[in-house]
Every structure is written in structure tokens, then in C-alpha cells.
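Take a look at the structure set out below.
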Amino acid sequence: MTEYGMRGIVFTSEEALLENENKLTHWTPNIYSYGAYADKNRSIIVGHSEKNLQQINTFMIDFDLKVGNTCSAQDIIDCSIDLGFVPTLLLNTPGGYQAFYVLEKPWFISNAANYSSIGVAKNVSRSLRNYFAEVFPGIVDIGCNHFGITRIPRTDNVEHFYPEFTYDMQKLIDWSIDYVADNKSEKTKLWTLPSRKQKKQITDSWVGDLITCNGIEGHKGLLGRNSTVFTVSLAYYSAGKTMEECYNDIDQFNSNLDSPMNDEEVLKAVKSAYSGKYRGAHRDYIEPLKQSWLSGCSSETPKKRKKNAGYRSHPSTWYKFKKNRSERKYSHKHEWKKDLLAFLKDKSYTYKPYFVTTKKEITEALLIPARSLDKILKEMQEDGQLYFQVKAGRGGGIKIATKQALIKTILLVKKEVNQAYREAITKVFPEAAILVNMFNKVAKTEPKAYYQANLEEWNTG
């Protein structure tokens, strides 16, 4: 590092980077719009500012081992399995370890809303660091640059490499939102959007009126349920409400509809409203929704709720209706999913990753209706969170395992029986074959001799 920048070299192609394999010690795995030299000798580089970021490819956790601290590569893997995100790459560095979580698709940076896309990515990065810092206090470097310089992968420092394990950015965002909400020590609402100067639409009467109307339907050519969810979500967004707050309220609204939407459609509409492409709800959508649905479902005309469950007459009543889970008769679908994962975690261990039981036992243990259990089992298997097989008839039941439990078994069982366990897993859960194959070890090449060269000698493309 110097007063004006840092010593290094600017690469303009992947080929140039590969040609210099094992000659480098550090790099920037996230892409910048440009890099430049600050001196005539072309050795000092500048341009590593956040607003110069073009795309984010990976999140990095730096485990800094000082005297007296202990943390092994296996400890990091175990902690990652519990998290549900196994690092794509784990490097053994002179000072400890660096874990990389590579994205399936780049997170492109835009200057919209004062570079809010960088803020979102920082929140994910901060949540990941805080999670590991709770397990390894004093070891995780919380303050290092989120998207700056890291150690570069070399044939002599790769501890683990699982190229098939890349992550969807939206899933990381969703996890981070849940993590912040569940973390009682978090003092700031990281996901609260910047305050906006325009009027807060959430205080307008149409918002409360629409989300208390349970007769809204969805038909082709008609502004209905989906448009209502999207428009109300935009009002929440413009008011600076978090996406979690919005989704919880919208989920309650959808549950009370005479013809509720699919949960995936609801979440998709909410996420679209929070994409940063819009500033708030547009009058061209608000007025048709009011004319279509509020004439027979207004705050002055209370409408009976589904299955005679009571009345909701005024926006203020609706906001008071939101209760803690312990005070509610019914749970939300995402709450039942968390319950099921926690239940299965207690029932599995390394040498027995799947649990054999009956659906009746699960419904009784979790106090979940049988039809709701069937729905979340199907959704969670489609999402890759768990695997299950059902055997009907006498002596039948359900074999069920979480993705985390299977990964833990594949990584931790002894080498002598590892292959047998892999075969057993794929026999019980054929759908897990892809997961098992992800952990086939990538053969390492012989480390090349370290070569010291002047920066000017390298072909930068």
C-alpha cells in the first residue's frame, strides 16, 4: 500500500490471469469498471472504490488466527453446514483461512437510489461475518473491506474447493433478513431503506382498505390480487419499511383472501416491488384497484372474513391484528418450515442423516395440519432444502433428511465407509444424487515453484 494506491497489476482478460497462475498472492475477485496506474512505472494501481464496482461475484469471510486462537478448516466447514451455505472455496492463508461464497450469477452494481445495490450486498456480507463471529469470537475480521482485495487461489493454498456450490443472491438476501430479525443483539435495522422525501403512501387510506378486503380475486384482464400485492408493497417500499415487514403483512392479507394466491407468487411480487426499479405506487394502478374492489369492501362497510373468523373493519384494526406467534391460532407457512428443519436437526446425526417416522408424528409434534405439512414438504423438496420418501400401507412411513444433514454426513464420515454412505444416500433419496456428486474431490495438480518477477514482465492481455 502507498499513499496513492497499492502495488499491483491491472488484468484485462481471463487468459492473462491464467498465464500468471501461482505467480500472484492477492487479487480482486469482484469486478471493477476500470483500473488504472497512478505512476509512470506502472506499479501503483488505483480504482478500487465502491462506486467503481461493476459486479460482485463472491462474498469472503477472513478468519484471522492470532496467538491463542484455534480454528481449523473442518471447524469452518462444520459451522458452514449448520448455516446451510457450504463455502465454494476455502483457502489456507499465512494468517488463517479465507472462505468464499461464490454467486450463481453476478450481482451487478447500479448507481440507482444512491448505489443501493452495494448497500444490499454489504448487508449480506455483514450478516455472514456476524454469524461466523458469534461462533469464532475474535477470529473473524469484521472490519475488512467487503469487496476488496483477497488472497488468490493457488495450487498450494486451496484447502477445499466445491465448484458446484454457488449461491442465489436472493436466497442470501432472504437469509440475511431472517438472521437480522432473529439476532437480538443487532442494534440497527440493516435492511431499513433510506428515508425518502416523497409522501409516505403507506399512510393513505387506500392501503389499509385494500389489505383489509378479503374478496379481491384474480382474473385475466383484471387488476386483482397480484396487482394489489405489488401496489401495496410499493407503498411499503416508499415508506422505508423493510421487505420482511412488508412480506409479513402481505402474507397475512393473502391468508385471509377467499381465493389466496400461491405463496411463491406473493413473494415474487413483493421482491419485484423492492427491486429498486420503482419509487412508489403509481396512481394508474391505485385508482382502478380502488374502483374495482373498495366499493363493496370499504372501511365503512365491514366485510365478514373467511369461515366466519371475525371482522376487520378499519385500517387501524388491521395493524393491531398482527400478533406474536404465541398469540395466534395459526402459523405462517415459513414458520412451519423453520419448525420442521429444527425438528429434523434434533433427530439426525453424522452416521444417521435421515429420520424414519410417520406424517402423523410430525403433525402432532409441530401442531401443523396434515394438508399444510404435505404442501411444505413438497415446496421444501423442490427448493432443495430436504429430501423425503413416503411408503404407503401397513408398516409404511416417511424417510426424511435435510440437505444440511446429508452434506454433513458426506463430509464427516470416515474415508473407509464414505463411498458406502454415498451409495446408501442416493439409494434412499435418488433426487440427492446431484448433491452427492457435488462433493467428488477435485484432483489437485502438483504445486508449481514460486516465481518472483517484475510486474512489467507479465503479459496483462
Side-chain angles (χ1 to χ4, degrees), residues 29-31 50 53-63 76-77 79-90 98-110 113 115-135 140-142 144-148 150 160 162-183 186 188-193 237 242-248 263-264 267-268 270-277 334 337-338 341 379-380 382-386 402-404 407 435 438:
N30 299 300
I31 308 301
E50 285 187 354
L53 269 171
Q54 185 179 58
Q55 66 186 57
I56 294 171
N57 300 321
T58 183
F59 294 97
M60 186 274 291
I61 314 297
D62 188 16
F63 298 86
I76 296 172
I77 295 294
C79 184
S80 299
I81 292 173
D82 292 336
L83 168 65
F85 302 117
V86 177
T88 314
L89 176 69
L90 184 64
Q98 287 187 350
F100 295 82
Y101 297 86
V102 178
L103 298 177
E104 288 179 357
K105 298 179 181 178
W107 178 254
F108 292 101
I109 302 303
S110 167
Y115 292 91
S116 61
S117 53
I118 294 179
V120 170
K122 273 188 172 181
N123 290 337
V124 172
S125 178
R126 189 181 293 110
S127 294
L128 286 169
R129 293 179 181 187
N130 288 340
Y131 170 85
F132 283 100
E134 290 178 3
V135 182
V140 176
D141 188 349
I142 299 293
C144 69
N145 191 305
H146 289 280
F147 311 112
T150 73
H160 292 285
Y162 303 115
E164 297 298 328
F165 270 78
T166 55
Y167 298 97
D168 177 68
M169 182 62 172
Q170 189 58 57
K171 288 186 176 180
L172 288 172
I173 292 173
D174 294 343
W175 168 82
S176 182
I177 292 173
D178 290 339
Y179 172 80
V180 172
D182 294 339
N183 187 357
E186 191 68 53
T188 57
K189 294 182 179 179
L190 300 179
W191 290 94
T192 301
L193 294 162
Y237 174 80
T242 65
M243 190 165 71
E244 182 193 22
E245 290 175 314
C246 177
Y247 175 73
N248 284 339
D263 188 62
E264 292 181 359
L267 188 57
K268 183 178 179 180
V270 173
K271 289 178 180 177
S272 179
Y274 276 74
S275 65
K277 298 178 182 178
H334 67 272
K337 289 180 179 180
K338 285 185 178 180
L341 291 175
E379 288 182 9
M380 294 176 76
E382 289 176 350
D383 291 341
Q385 296 183 65
L386 55 76
T402 65
K403 176 181 177 180
Q404 290 176 244
I407 291 174
L435 176 69
M438 285 182 178

Tell me the closest heavy-atom pair linking [X] and [Y], and the distance in Å.
{"X": "Val124", "Y": "Ser176", "result": "CA-OG, 3.9 Å"}
{"X": "Leu128", "Y": "Leu83", "result": "CD2-CD2, 4.0 Å"}
{"X": "Phe100", "Y": "Pro29", "result": "CE2-CG, 4.5 Å"}
{"X": "Asp263", "Y": "Tyr247", "result": "OD1-OH, 2.8 Å"}
{"X": "Lys403", "Y": "Gly384", "result": "CD-O, 3.2 Å"}
{"X": "Asp383", "Y": "Lys171", "result": "O-NZ, 3.7 Å"}

What I'd like to find out is whether the side chain of [X] reaches to under 4.5 Å of the side chain of [Y], using heavy atoms alone.
{"X": "Asn30", "Y": "Gln55", "result": "no"}
{"X": "Tyr274", "Y": "Cys246", "result": "yes"}
{"X": "Trp107", "Y": "Val120", "result": "yes"}
{"X": "Phe59", "Y": "Met169", "result": "yes"}
{"X": "Ser117", "Y": "Ile109", "result": "yes"}

*Given the rule in the side-chain contact (heavy atoms from CB on, under 4.5 Å) test, do Leu172 and Leu103 qualify, once you have shown the distances and angles that lead to the verdict?*
CA-CA 9 Å; Leu172 288 172; Leu103 298 177; 3.6 Å; yes
Return the [atom1] to [atom2] distance between [X] and [Y], rounded to the nearest 0.5 Å.
{"X": "Leu53", "Y": "Phe108", "atom1": "CG", "atom2": "CZ", "answer": "12.5 Å"}
{"X": "Glu104", "Y": "Thr166", "atom1": "CD", "atom2": "OG1", "answer": "4.5 Å"}
{"X": "Ile173", "Y": "Met243", "atom1": "CD1", "atom2": "CE", "answer": "6.5 Å"}

Any side-chain to backbone donor/acceptor pair from [X] onto [Y]? Under 3.5 Å, distance only.
{"X": "Ser127", "Y": "Asn123", "answer": "yes"}
{"X": "Ser80", "Y": "Ile76", "answer": "yes"}
{"X": "Thr402", "Y": "Leu341", "answer": "no"}
{"X": "Gln404", "Y": "Ile81", "answer": "yes"}
{"X": "Ser125", "Y": "Lys122", "answer": "no"}

_Residues forming a ring pair (Phe, Tyr, Trp, His ring centres under 6.0 Å) with Tyr167, sequence neighbours excluded_ =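 For Tyr167 the ring pair (Phe, Tyr, Trp, His ring centres under 6.0 Å) partners, ignoring immediate neighbours, are Phe85.
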*With sequence neighbours left out, write down each residue that passes ring pair (Phe, Tyr, Trp, His ring centres under 6.0 Å) with Tyr101, or none if nothing qualifies.*
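Per chain and number, Tyr101 pairs via ring pair (Phe, Tyr, Trp, His ring centres under 6.0 Å) with no residue.
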*asked:* Restricting to side-chain contact (heavy atoms from CB on, under 4.5 Å), what partner residues turn up for Asp62, sequence neighbours left out?
replied: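 In terms of side-chain contact (heavy atoms from CB on, under 4.5 Å), with neighbours along the sequence ignored, Asp62 is linked to Met60, Gln98, Asp141, Cys144.
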*Trace of the side-chain contact (heavy atoms from CB on, under 4.5 Å) decision for Phe132 with Ile61*: CA-CA 8 Å; Phe132 283 100; Ile61 314 297; 4.2 Å; yes
*Salt-bridge test for Lys271 and Asp174: reply yes if a basic N is under 4.0 Å from a carboxylate O, no otherwise.*
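Looking at Lys271 and Asp174, the cut-off is met.
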*Should Gln385 and Glu379 be marked as a side-chain contact (heavy atoms from CB on, under 4.5 Å) after you check the CA-CA gap, both sets of side-chain angles, and the distance that decides it?*
CA-CA 9 Å; Gln385 296 183 65; Glu379 288 182 9; over 6 Å; no
*Establish, from distance only, whether the side-chain atoms of Asn130 and Glu134 form a donor-acceptor pair under 3.5 Å.*
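Checked: Asn130/Glu134 side chains show no N/O donor-acceptor pair below 3.5 Å.
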*Step by step, would you call His160 with Ile77 a side-chain contact (heavy atoms from CB on, under 4.5 Å)?*
CA-CA 9 Å; His160 292 285; Ile77 295 294; 4.0 Å; yes
